[in-house]
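Here is how names work: the chains are called A, B, and so on, in the same order as the sequence lines, proteins then strands, and each is numbered from 1. All heavy atoms count here, side chains included; hydrogens, waters and symmetry mates do not.
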There are 2 protein chains.
Amino acid sequence: MTRLFRYFDQYNTLTEGAKSAILAICTAHTIQKGRDLQPIGHTCRTIYFINRGMARIYYFKDDNDVTECFALENQIIARVESLFSGKPSRKGIQMLEVSEVVAINATQLFRLYDTFPDIERLFRKIFEAGYVETVNRLESLQFHSAEERYRDLLQTSPDILKRVPLKLIASYLGITPVSLSRIRAHH
Amino acid sequence: MTRLFRYFDQYNTLTEGAKSAILAICTAHTIQKGRDLQPIGHTCRTIYFINRGMARIYYFKDDNDVTECFALENQIIARVESLFSGKPSRKGIQMLEVSEVVAINATQLFRLYDTFPDIERLFRKIFEAGYVETVNRLESLQFHSAEERYRDLLQTSPDILKRVPLKLIASYLGITPVSLSRIRAHH
DNA sequence: CTGATTTCTTATCATTTGTAAAGAATTGCC
DNA sequence: GGCAATTCTTTACAAATGATAAGAAATCAG
């Protein structure tokens with residue numbers, strides 16, 4: 001759990017009481033590659049922290065597997081649109097490598113907000129940062145070409161490119177695998 | 001300010017003390033159509049509530065005017081990626097109609113978070129809802145066709161379509177005005 | 001009301017991206 | 001190692017979208 005609290009420290013410092021309250025609602029899991037951490041159709045009531053490994057949020061659009069986002073070690077992953085709306089998610093979370101994750105029970109976490117304002121503040125800041133990322137990604141999808149988006153990814157997250165099959169990258173960029181192959185060929 | 005507090009009530013109920021603390025950092029403004037509420041390049045330190053009228057967030061990509069989003073009356077508008085990062089925004093806020101807005105000083109607001117946990121909670125929930133909207137929009141840009149996106153907008157926000165020039169709608173949908181014309185012609 | 005400006009549509013052609021299919025390369029498994 | 005499955009690339013063709021330009025329609029200013 002050391003890594004988790006180091007991650008938290010980037011956003012907000014917690015009192016010892018807050019830390020142990022969070023610890024009490026966390027569980028550690030090891031998940032095999034390819035397994036679903038959360039299945040499609042399930043309402044999101046868990047926030048995951050990735051200690052080791054990698055995951056993605058995915059869904060199906062007309063039978064096509066679409067990757068909405070990736071998460072590497074030292075990152076949080078959750079299906080926000082379900083977590084904050086209480087509605088079931090059409091998306092699932094799948095592990096892309098053998099991974100160790102910490103599951104934070106969101107229902108209990110939200111209850112802790114009443115007792116520990118510093119916990120509420122911590123997660124407010126974490127999700128504000130996620131919000132900013134999503135807005136930036138929206139901009140890139142709205143008015144950058146597929147090639148620009150690929151070069152962007154190459155520059156900002158070369159890790160992802162190394163560790164993930166290109167077909168997943170393609171749908172993440174909003175294009176087909178064939179189209180991505182073409183872009184890469186024009187070196 | 002009645003409308004503002006009615007809007008707040010949807011998310012979190014405030015104590016009277018919290019309400020007057022917010023009132024103290026709000027100012028009302030009337031802005032003419034076409035005027036910039038916030039210019040491009042400015043760091044976002046204000047959250048706006050639209051009492052009457054309409055606004056958009058816009059920026060330039062290769063000299064093309066791009067609309068990132070619209071906001072109607074009874075909605076909040078802010079350049080989130082600047083507000084939460086403290087970095088200057090490449091985006092501006094422009095009024096699309098004669099409008100009455102309430103400007104909330106964000107620097108002072110964030111300070112109020114320490115004294116009034118219910119204010120922190122209120123804005124946490126407001127921005128969580130904005131986050132959810134942005135994630136849903138991302139999905140639509142990532143894997144829906146331009147035509148699907150247009151039909152979606154037609155169904156969910158016919159108001160916007162009635163009140164705004166189509167060229168702004170086009171860039172909002174991530175396409176050119178010519179392309180939008182074509183889609184509309186195939187009735 | 002009238003002329004000027006802006007917005008919208010239509011047409012043509014170029015470019016990008018999608019689809020389908022086939023083969024090459026890689027990975028996984030026994 | 002060697003077979004099977006998956007992933008990646010390439011090709012050919014179709015569909016969607018972009019760029020440009022020209023004209024129609026709507027809006028605005030005086």
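- Under the 6.0 Å cut-off for aromatic ring centres, A/Phe84 and A/Phe127 qualify, their centroids lying closer than that.
- Regarding contacts with the backbone of D/dT17, every side-chain N or O of B/Thr176 stays at 4.0 angstrom or more from both OP1 and OP2.
- Across the interface with DNA chain C, nearest-nucleotide mapping of A/Leu180 and B/Val178 shows B/Val178 to be the residue nearer the 5′ end.
- Each of A/Ala146 and B/Leu168 was assigned the nucleotide of DNA chain C with the nearest heavy atom; the assignment lying further toward the 5' end belongs to B/Leu168.
- The nearest whole Å value for the distance from the CG atom in B/Asp62 to the C1' atom in D/dG18 is 13 Å.
- For the pair B/Arg149 and A/Ser181, both in contact range of DNA chain D, the more 5′-proximal nearest nucleotide belongs to A/Ser181.
- Checking B/Tyr7 against B/Asn51 by side-chain atom types alone, no donor-acceptor pair falls below 3.5 Å.
- Across the protein-nucleic acid pair, B/Glu148 atom CD and D/dA16 atom P stand 12 Å apart, rounded to whole Å.
- Comparing C/dC8, D/dG18, D/dC8 by their closest approach to the side chain of B/Ile175 singles out D/dG18.
- Residue B/Gly174 is classed as a sugar-phosphate contact, given heavy-atom separations below 4.0 Å to backbone atoms only.
- The pair A/Arg124-A/Glu128 meets the salt-bridge criterion, with a side-chain N (NZ, NE, NH1 or NH2) lying under 4.0 Å from an Asp/Glu carboxylate O.
- Between A/Arg182 and D/dT9, a side-chain N or O to OP1/OP2 separation shorter than 4.0 Å is absent.
- Note: the hydrophobic cluster containing B/Ile93 does not contain B/Val102 (ILVMFWY, side chain heavy atoms under 4.5 Å, direct or indirect links).
- The CD1-P distance, from B/Ile183 to D/dA15, rounds to 17 Å in whole Å.
- The phosphate of D/dC28 has OP1 or OP2 within less than 4.0 Å of a side-chain N or O from B/Lys33.
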